[in-house]
Amino acid sequence: MFRFIISRVLQAIPVLLVVVTITFFLVRVAPGGPFSAEKAVPPEVIKALEARYHLDEPIWQQYLGYLNDLVHGEFGPSFRYPGRTVNELIAGGLPITAELAFYAMLVAVIIGVCAGVFAALKPNTPQDYIPMSAAMLGICMPSFLMGPLLVLVFGIWFEWVPVSGWGDLPGDKILPAITLGSGYAAFLARLSRGGMLEVMSQDYIRTARAKGLPEWVVVLKHGLRGGLIPVVAFLGPAFAGLLSGSFVVETIFQIPGLGRFYVQAAFNRDYTMILGTTVFFATLIVLFNLLSDIVSVWINPKLRHQLREGK
Amino acid sequence: MKLLKVDNLTTHFHTREGVVKAVDGISFSVNQGETLAIVGESGSGKSVACYSLLKLIPQPPGKIVAGSALFDGRDLLQADESTLQNIRGNDIAIIFQDPMTCLNPYLTVGEQLIEPLIYHHNISRKNAAVRATEILGEVGIVEPEKRMGSYPHEFSGGMRQRVMIAMALITEPKLLICDEPTTALDVTIQAQILNLVKALQIKRNIAVIFISHDLAVVAGVADNVAVMKDGLIVEQGPVDEIFYRGQHEYTKKLLAAIPEGAKPLSAQSPPMNTDKKSEHKPLLSISALKTHFHDYSGGWLKRNQKVIKAVDDVSLTIQQGEILGLVGESGSGKSTLGRSILQLVPITSGSVVFDGTELTRLSPTQMKPVRRRMQMIFQDPYSSLNPRMTVFDTLAEPLLYHRLATRKTVTAQVLALMDDVGLARAAIRKYPHEFSGGQRQRIAVGRAISTKPELVIADEPVSALDVTIQAQILDLILALVEKHDLTMLFISHDLSVVRYIADRIAVMHHGKLVETGITEPLFSAPKHDYTKKLLSAIPVADPVKERQRQVDLIQLGN
């Protein structure tokens, strides 16, 4: 197990290097720069700024310098928020985004897994079609449509929950979490349905029934563990996706999270901010993938065994 | 006393192709302490009939249309779900066929064993675990306390089947349904399992329904036999009646299809091509071959501690034109030896010389022309054929890859191959799932001989097939060996099959060859103890002799 984790961490290094390199050169290729604005700025001011941020050096030197900073855990200063470093900006936005992603994940797992398992118990009946059609709808509906719709219905018509904000009014976290989580809930529903359908047709489920176990024991104890393996494998990437994909939801609900910084940085050509957040998110994605792989191995005794045998 | 009386049981499956009458009005009964064997080939409905009793068939598409099944005075077919739950695993228990797939891979064996006790006898987990440990010991699992915490994949096939038996017997049921309990097992393990079931049956006076396609096994265990075909019981009666005075055409056919080795009389047909053996030119010679694997199961810190010697210092020669039967139980290294010859696994040391060429030193590119001359037939025709390739694709691929055909001639060559292996030409565009097991194995045989190989390694080519189909495929292989002048290494755990097909036999045990010899002398006078043990474990399709054999075995054991 230890070897497996080490080797996976080592594999992540070249992946991250490629991400950094591509992003670094791509943002430079994009027209405009961090200091081009509507108002004309005197050339000497721009020169001074560029010199301050090492933008006047040859690009490969900038690249190596940036890599050096990264190795030391430094994302560098922000170009658009003078006096603040990218590290500070990420540290400021991350807790909010992480909290939002966590609630969205809860919504996704609870709704998704329940709906999927429920549907799988009676395949090709209304008990299957109804939740699965809802899931299809959830996958198809983009969050910029889902969010305003939920706001309209539950915030404005019924006035049950606040329409925006984060942590200011009671209940203002409900709609963002549902909006962000619903797409993933739909996806998890389909995954758990597929997993459960496969497991419930296995011979050992018939064995469990032949032992005279009540049906709920057959489903929850004998079925669920195997059936949720594809779900668990997807949870890691899904959480990383929730973290990095929260931009739309954060904008709709006026949440000061990381997603908004990220997109604004791209518009502003805030080189260090774009790079910093990209590298940060890439690291998260790699990390969560690894995490869900480890959990997958842990819940599957056969994989555990194979890993020990070095296969 | 009648424990179970089934009357006019009818189970239909509603499929897209229409209604399949899987069980079409059958009646049978079982007395306490007796064994009823239901025999028939796969698809005859014997398993569906028994699963219907406990409503363990998938519904839909399955539907129990009519009938009654009186068990202890209650009609199982009219019982509601909660009543059935009380009967399942408590009064009636089932031992399923495939111990590899019938145990839950995610739960420990102990957890699975105690479940019936907890739900039926309402006792504490702790007491249930004590009882489970006892019964694990009773079915012959060593160190049962330790094994309670193991997962199914940590057991061998035979051991898993023992766990299944323990699980079925833990609640002391009145009726035990054994669905092909030994089909997936080696012959010596099979003998042990059969004896175990028999002993437990006598000890507890339980009734047994024994489902099997193997008449030789049935001869030893059954009191009564019911022969099933296409959802109907065509004949039933006491075991001696069926075996010695079977009336129905189909019963006779089943009895006739038993491989020669299991037949009581040694009226063997002489080997087909003895005269040709006079050439005696070795085509393949293996010397001091070793294939070892590392076992990492001790954890990564202690790795390289244990080496599994799958093939351990084997030397063997196969003459041009002969069929060499390689027998041994699972784990004896016979398949690894086959793969080592083809250089499909990295060998540790030794040499493999094929027609004067040393194979162990060839690069993959140099190996390519040799591969054409050595082909393999695999065990399971259900998984060894690509489900997305038609017969044409499967047979044409090796021809085109080895440039034995051009785009223009390939169709004609594929059709000729299909004639060779007895497949209808019209089936050329069909996919594997449209064929029966036997036909699929014909495709696999066709694929193996398509490149006109000199050596064919057949790894358990008939063990997944029904007995009448087995005979057909064996005859096909014999005919092809004759026609194309093939040399064959025939790997099998089934001694009767090997006896039928092989000119010479090599017996493998724990990675070593323990005995080689001409087939008949080896069968009639085995020299090595292990060979003797193997041969004595083969059941004989003759009830009287089988009973005598069991008495002998028990005396031998004491």
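As the structure is a computational prediction, the values presented were derived from the model and not from experiment.
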Margin query: Looking at B:His120 and A:Lys211, would you say the former's side chain and the latter's main chain have a donor-acceptor pair under 3.5 Å?
Written below: yes

Checklist line | Test item: A:Thr207 side-chain N/O and B:Cys102 main-chain N/O as donor-acceptor pair under 3.5 Å | finding: yes

Check: With only heavy atoms counted, which part of A:Val199 is less than 4.5 Å from chain B, the side chain, the backbone, both or neither?
Finding: neither

Residue among [options] with most heavy-atom pairs under 4.5 Å to chain A:
{"options": "B:Ile118, B:Ile94, B:Leu56", "value": "B:Leu56"}
{"options": "B:Pro152, B:Pro116, B:Pro105", "value": "B:Pro105"}
{"options": "B:Glu111, B:Met164, B:Lys55", "value": "B:Glu111"}
{"options": "B:Thr108, B:Ile177, B:Leu107", "value": "B:Leu107"}

Within a 6.0 Å radius of atom [atom1] on [X], are there more than 12 heavy atoms belonging to other residues, nucleotides or ligands?
{"X": "A:Lys221", "atom1": "NZ", "value": "yes"}
{"X": "B:Arg147", "atom1": "CZ", "value": "yes"}
{"X": "A:Phe187", "atom1": "CZ", "value": "no"}
{"X": "B:Lys309", "atom1": "NZ", "value": "no"}
{"X": "B:Arg125", "atom1": "CZ", "value": "no"}
{"X": "A:Gln202", "atom1": "CD", "value": "yes"}
{"X": "A:Asn68", "atom1": "CG", "value": "yes"}

Item checked: Worked verdict on B:Tyr51 versus A:Arg206 for side-chain contact (heavy atoms from CB on, under 4.5 Å) -> CA-CA 10 Å; B:Tyr51 296 163; A:Arg206 189 183 57 196; 3.5 Å; yes

Check: Heavy-atom distance under 4.5 Å to chain A: side chain of B:Gln112, backbone, both or neither?
Finding: both

Margin query: With side chain to side chain contact (heavy atoms under 4.5 Å, CB included) as the test, pick out the partner of B:Tyr106 among A:Leu224, A:Ile299, A:Ile229.
Written below: A:Ile229

Margin query: With heavy-atom distances below 4.5 Å as the criterion, would you say the side chains of B:Tyr119 and A:Val217 are in contact?
Written below: yes

